[in-house]
Each structure stands twice: as structure tokens, then as C-alpha cells.
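Notes for the one structure printed next.
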Amino acid sequence: MALQLWETLKEAIVAYTGLSPPTFFTLLALFLAIYYVVSGLFGSSANNTHGATRDFEPQMQPLKPPVQLGEVTEEELKAYDGTDPEKPLLMAIKGEIYDVSQSRMFYGPGGPYALFAGKDASRALAKMSFEEKDLTGDISGLGPFELEALQDWEYKFMSKYVKVGTIKKEVPVTEGEFKGESSESSPQDGDAPKPAIEEGGSSENVAVKSEENPSHVDADKE
């Protein structure tokens, strides 16, 4: 029975593959050997990857909860540009400050948008510019498409990040206002006291009169 099955198998191998039974089994053994070698290599690399991931996970520190800053100046905001790992990573759009610490790979040091951190980058985001002159919250003169792009960025930040404060608006004192204040504080010409002038004038008049009166007396005597 076994011999009959073997003869049938050899006939099937020849009929379906065109190879002799010894050649067929040699190739089959070779394929199995290659399969075990390749699976062993990929299996070990996968295990090493999982092991490295498990080793790396404990080193990642959890993000600190966002801290509300309130109202800060643009100069104070620069301290939160990511250079200090103990401080949150902050960024502002249209005067609103957001905590972007969870996207440190993008906005932190070495990230593609690192130059936006610690600043109000409204103009740069609207224009998608990386120039230093556009790293400002001044959006005057922008076109409708740029304003629409800025609005999209604002919606994204509002939905993804926590708002932690606002930028304090500093009103510049113009030269005209300064002159107006100084003129108000200084006394007007009409209100200036003139006692010394009046006293001086009266003393001169008295002296003149005293000189004139003796002359009149001497004339009478003569």
C-alpha cells in the first residue's frame, strides 16, 4: 500500500511540476531552510524593537498640566520658547497664548516650527513665512486669503491646545501726547505771577517821582 502511494506521488510530481522526485524534494528542502532563516532574522529584529520601545517608554516623562499665566508681555513670553525644559512650551496667535508642549517635536528646539515658539507668530502663520520680520502679532495689511489661513490656524489651536493667557497690549506714547501733557503741567503765560515785575515797576515810579518833587520844591523856593 505504501509503495503504491509512493509511486502515485512520484507520478503526480512529474506530471504537475515536470521535475524528478529527487529534484523536487531538494528544492522543497531549500525553500524551507530559507523560510526559517528569514523568519528568524525578522523575528529577532521585531523582538529587539519591542524591547527598545519598552526600555524607552519609562524614560518619557508625562506632560505637566497647563499653567494659567494670565496677561504677559511679549518679552515675558520669550522665556517659554522651549529652551528651558522645566517651563511649558507656549505660542500665541492673535494675542491668545496656547500651551503647545504636547507638540514639542514640531515647536520645540530642532522642530520645523521652533522659531514660532515663545512668540506671537500670527503674521508668519498667515503668510507661511519663516522670516524674522514676520514673527509678530501685527496682521495689518494682510490679504483675505492670508487672513483665512490665519483663521484656520486659530481654529486648530483652539481645538487642540489649552489657552493659558493673553499678551498684554502696550499702548505707545506718541510725541504729540507727550507734548500735550507737558504743556498742561506747565503754567500758562496768563497765570504766571508778576509780583516782582509790578514791585519793580512801582519802585522805579517812586524813585522818579521823588526826583521830580525836589526839583519842584527848589523852583518854588527860588
Side-chain angles (χ1 to χ4, degrees), residues 42 44-182:
F42 281 99
S44 60
S45 63
N47 292 332
N48 293 334
T49 304
H50 289 304
T53 305
R54 284 193 295 269
D55 294 338
F56 181 72
E57 285 176 355
Q59 298 177 1
M60 294 185 63
Q61 298 179 354
L63 292 174
K64 298 179 180 179
V67 179
Q68 295 294 327
L69 296 181
E71 198 174 33
V72 298
T73 63
E74 291 186 358
E75 191 65 28
E76 293 171 337
L77 182 61
K78 292 180 180 179
Y80 301 92
D81 60 353
T83 54
D84 188 352
E86 297 299 325
K87 293 183 179 180
L89 183 62
L90 305 182
M91 179 179 165
I93 293 183
K94 296 173 69 174
E96 306 293 331
I97 304 173
Y98 297 91
D99 189 333
V100 296
S101 300
Q102 67 188 72
S103 299
R104 188 173 289 270
M105 65 177 63
F106 295 105
Y107 300 102
Y113 302 114
L115 72 168
F116 296 157
K119 304 179 184 68
D120 187 336
S122 299
R123 192 175 193 87
L125 290 174
K127 300 174 64 177
M128 284 310 299
S129 170
F130 293 93
E131 297 184 11
E132 189 70 25
K133 64 179 181 179
D134 292 325
L135 297 176
T136 175
D138 182 15
I139 58 175
S140 60
L142 294 178
F145 294 104
E146 294 170 335
L147 292 174
E148 185 177 356
L150 178 60
Q151 191 71 40
D152 293 338
W153 276 102
E154 186 179 16
Y155 287 151
K156 175 185 176 181
F157 272 62
M158 291 172 62
S159 60
K160 187 175 182 179
Y161 306 115
V162 178
K163 176 186 171 183
V164 295
T166 56
I167 293 181
K168 184 184 299 183
K169 295 181 179 179
E170 298 179 356
V171 180
V173 180
T174 60
E175 185 178 354
E177 293 178 354
F178 180 77
K179 289 183 178 180
E181 292 177 358
S182 60

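The heavy-atom pair separating G165 from Q68 by the smallest distance is N-OE1, 4.2 Å. Across all non-hydrogen atoms, the minimal contact from P109 to A114 is CA-CB, 4.3 Å. For the pair E71 and I167, the tightest heavy-atom approach, listed with the atom from each and the gap, is CG-C, 4.3 Å.
Within 6.0 Å of CE in M128 there are more than 12 heavy atoms belonging to other residues, nucleotides or ligands. In the displayed structure, E75 atom CD is contacted under 6.0 Å by at most 12 heavy atoms of other residues, nucleotides or ligands.
Going from atom CG of L135 over to atom CG of L125 covers 9.0 Å, rounded to the nearest 0.5 Å. One distance of note links CG of L142 with CD of E148; it measures 13.0 Å at 0.5 Å rounding. Between the CH2 atom in W153 and the CE atom in M91 there is a gap of 6.5 Å [rounded to 0.5 Å].
In this structure, the salt bridge (charged side-chain N to carboxylate O under 4.0 Å, His left out) partners of D134, at least two apart in sequence or on a different chain, are R123, K127. Every residue two or more places apart in sequence or in another chain that forms a side chain to side chain donor-acceptor pair (under 3.5 Å) with S103 is listed here: Y161. Every residue two or more places apart in sequence or in another chain was checked for a side chain to side chain donor-acceptor pair (under 3.5 Å) with K119, and none qualifies. The salt bridge (charged side-chain N to carboxylate O under 4.0 Å, His left out) test applied to E131 returns K133, not counting sequence neighbours.
Exactly one of V72, D120, V162 qualifies for a side-chain contact (heavy atoms from CB on, under 4.5 Å) with I97. That residue is V72.
Between the side chain of S101 and the backbone N or O of L89, at least one donor-acceptor pair lies under 3.5 Å.
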Problem - Steps toward side-chain contact (heavy atoms from CB on, under 4.5 Å) verdict (F157, V100) - result: CA-CA 9 Å; F157 272 62; V100 296; 3.7 Å; yes

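Listed by first and then second residue, the salt bridge (Lys or Arg N to Asp or Glu O under 4.0 Å) pairs involving residues 88-110 are K94-E154, E96-K163 (not counting sequence neighbours). Applying the ring-ring contact (aromatic ring centres under 6.0 Å, His included) test to pairs two or more places apart or on separate chains, those with a residue in residues 115-146 are Y113-F116, F116-F130.
Using a 4.5 Å cut-off on side-chain heavy atoms (C-beta onward), V67 and V164 make no contact.
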